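In this text, all values refer to a predicted model and were calculated from it rather than measured experimentally. Residue numbering restarts at 1 for every chain, and letters A, B, ... go by the order of the sequence lines.
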Protein chains: 2
Amino acid sequence: MKSEGFHHGNLRAALIEAARAVMEETSSSDLSLRDLARRVGVSPMAAYRHFADKEALLRAVADGGFGELVLGMEAALAADATPLARVLDMGRAYVAFARAHPAMFDLMFAAPVAGLEASPDNGTKAFGLLQGAVAACSPAGTPQGKVAAATIRLWSVVHGYSRLALAGRLVASSMTPAFLDEVIVPVIETLERP
Amino acid sequence: MKSEGFHHGNLRAALIEAARAVMEETSSSDLSLRDLARRVGVSPMAAYRHFADKEALLRAVADGGFGELVLGMEAALAADATPLARVLDMGRAYVAFARAHPAMFDLMFAAPVAGLEASPDNGTKAFGLLQGAVAACSPAGTPQGKVAAATIRLWSVVHGYSRLALAGRLVASSMTPAFLDEVIVPVIETLERP
DNA sequence: GAGGTAAGTATGCGGTGTAAACATGAAATC
DNA sequence: GATTTCATGTTTACACCGCATACTTACCTC
């Protein structure tokens, strides 16, 4: 075992966990550094030994969220036999994650992230998963551009649906699993078309 | 002409306009009541004579944004001959608005809006426009549920695409008008399918 | 043991949203 | 025309926030 820290013992992880907890409690993504410090039992300025500023902390929290999302998507990948079923279940998992963790989902896509291709995060990993699953649906020899458009088409649908649901723009009857399938499936069918 | 106010002269509208201006300047949707008051030349507490709290002001600003969005969508509606072309142009207008006014777009879908069907806003008006255009594409006798799903499918695509673009999750080559069409058109084609 | 250094603390500054009490001036009543 | 009313704007105050700066602590190395 490493030293695990002196005063507190891995404050960094504790802060991230506290942030996650607050967001689950309040269903809101705006949290306060001071509050996190209070919960962890540390002085208000302690967080700055581990994060450059508040945004850096939020970024770390968001990246953890993307990691969890990736897990859900990978589970969907492993659970199905056909490429189309895999893509469908990945879409369902995406929406399910958003609705289960609205504040986290909000945070993950909150600030425009810069220099992303320089240092890819778990968000790009999630995108890669989706892209692979979509490519597996496309007929052999499909041009790369088509696959890219299809990937973003599908991502846009599930992402947009999630956002609209979280924003309260969908009525209850539009948020059932069956309705979601009605929204997604025709888009998935466009994937294997010439 | 009505009285136009005593002390200031329609402070309410001035605050909303100031908010809009700040958001255009900073490309960010987090603004400060005190800053708005400062810009309008009024004391920090003056805004509370016209808005219950900050959120109420933001809601009013957002509703103005939806109004502008509706104008863009109506223009697209009027500019084309066929139902499919109308829907396509509405989608383009939606994305164009989001990219032209990122902060406003952010604000419009920021907080989950409650009791929406009780008092519809310009957001529901925008949705109604889209729904009508989609219905016009559907074969006669298409069940209502299909139309609803198709509407939300299309809305989800354009909304999700806009969000991903604003979040910096799309590479430059995925943000050209041609690429956007590649994303949207196949979804529009699902509208007139049985 | 003496230093060095990473981790946490104390203090303080300028900013925020908003509650409460007060001031002002246009308009309505007499 | 004087008086009352009431919407509008101001003042003051409070609790909170992110963060800069300077300090202290506790471990590790030599």
Side-chain angles (χ1 to χ4, degrees), chain A residues 1-23 25-63 103 106-107 110-114, chain B residues 1-23 25-63 103 106-107 110-114:
Chain A
M1 284 286 144
K2 287 284 290 298
S3 73
E4 280 293 334
F6 333 129
H7 294 70
H8 179 275
N10 210 349
L11 210 177
R12 186 190 157 95
L15 286 171
I16 293 179
E17 174 52 32
R20 182 186 291 259
V22 171
M23 290 169 64
E25 284 176 26
T26 64
S27 294
S28 160
S29 62
D30 74 313
L31 24 82
S32 130
L33 280 190
R34 294 172 105 107
D35 182 45
L36 297 183
R38 222 173 289 133
R39 286 171 175 253
V40 171
V42 95
S43 90
M45 289 299 294
Y48 287 89
R49 292 290 148 188
H50 300 270
F51 301 97
D53 52 11
K54 183 180 183 178
E55 205 207 316
L57 166 52
L58 295 185
R59 284 287 219 79
V61 175
D63 202 58
D106 230 56
L107 183 63
V113 48
Chain B
M1 283 288 143
K2 286 283 290 299
S3 73
E4 280 294 335
F6 337 124
H7 294 68
H8 173 94
N10 210 349
L11 210 180
R12 185 190 156 93
L15 286 171
I16 292 179
E17 174 51 33
R20 182 186 292 259
V22 170
M23 290 169 64
E25 284 176 26
T26 65
S27 295
S28 160
S29 63
D30 75 311
L31 23 81
S32 132
L33 279 190
R34 295 173 104 107
D35 182 45
L36 297 183
R38 224 173 286 132
R39 285 170 177 253
V40 171
V42 95
S43 89
M45 290 298 294
Y48 287 88
R49 293 292 149 188
H50 300 270
F51 301 96
D53 53 10
K54 184 180 183 180
E55 205 207 316
L57 166 52
L58 296 185
R59 285 283 222 83
V61 175
D63 201 58
D106 230 57
L107 183 63
V113 49

Where the side chain of [X] is defined as all heavy atoms beyond and including C-beta, which of [options] is the nearest nucleotide?
X: B/M45; options: D/dT11, D/dG9, D/dG18; value: D/dT11
X: A/S32; options: D/dT11, D/dG9, D/dG18; value: D/dG18
X: B/L33; options: C/dG17, D/dC19, D/dC17; value: C/dG17
X: A/R34; options: D/dG9, D/dC17, D/dA22; value: D/dC17
X: A/R49; options: D/dC19, C/dA21, D/dA22; value: D/dA22

Distance check needed: [N] [atom2] versus [X] [atom1], whole Å only.
X: B/Y48; N: C/dT18; atom1: OH; atom2: C1'; value: 4 Å
X: A/L11; N: C/dT9; atom1: CG; atom2: P; value: 8 Å
X: B/D30; N: D/dC17; atom1: CG; atom2: P; value: 17 Å
X: A/K54; N: D/dG18; atom1: NZ; atom2: P; value: 4 Å

Considering every strand and a 4.0 Å limit on heavy-atom distances, what is the contact class for [X]: base, sugar-phosphate, or nothing?
X: B/L36; value: nothing
X: A/L57; value: nothing
X: B/S43; value: base
X: B/R12; value: nothing

When rounded to the nearest 0.5 angstrom, what distance separates CG in B/D35 from OG1 in B/T26?
-> 9.0 Å

Rounded to the nearest 0.5 Å, what's the gap from CG on B/L15 to CG on B/N10? Could you check?
-> 9.5 Å

Can A/V22 and A/R39 be said to form a side-chain contact (heavy atoms from CB on, under 4.5 Å), step by step?
-> CA-CA 10 Å; A/V22 171; A/R39 286 171 175 253; 3.4 Å; yes

Ignoring backbone atoms, test whether A/H50 places a side-chain nitrogen or oxygen under 4.0 Å from the OP1 or OP2 oxygen of C/dG8.
-> yes

So which one's nearest nucleotide on DNA chain D is more toward 5', A/R38 or B/V42?
-> B/V42

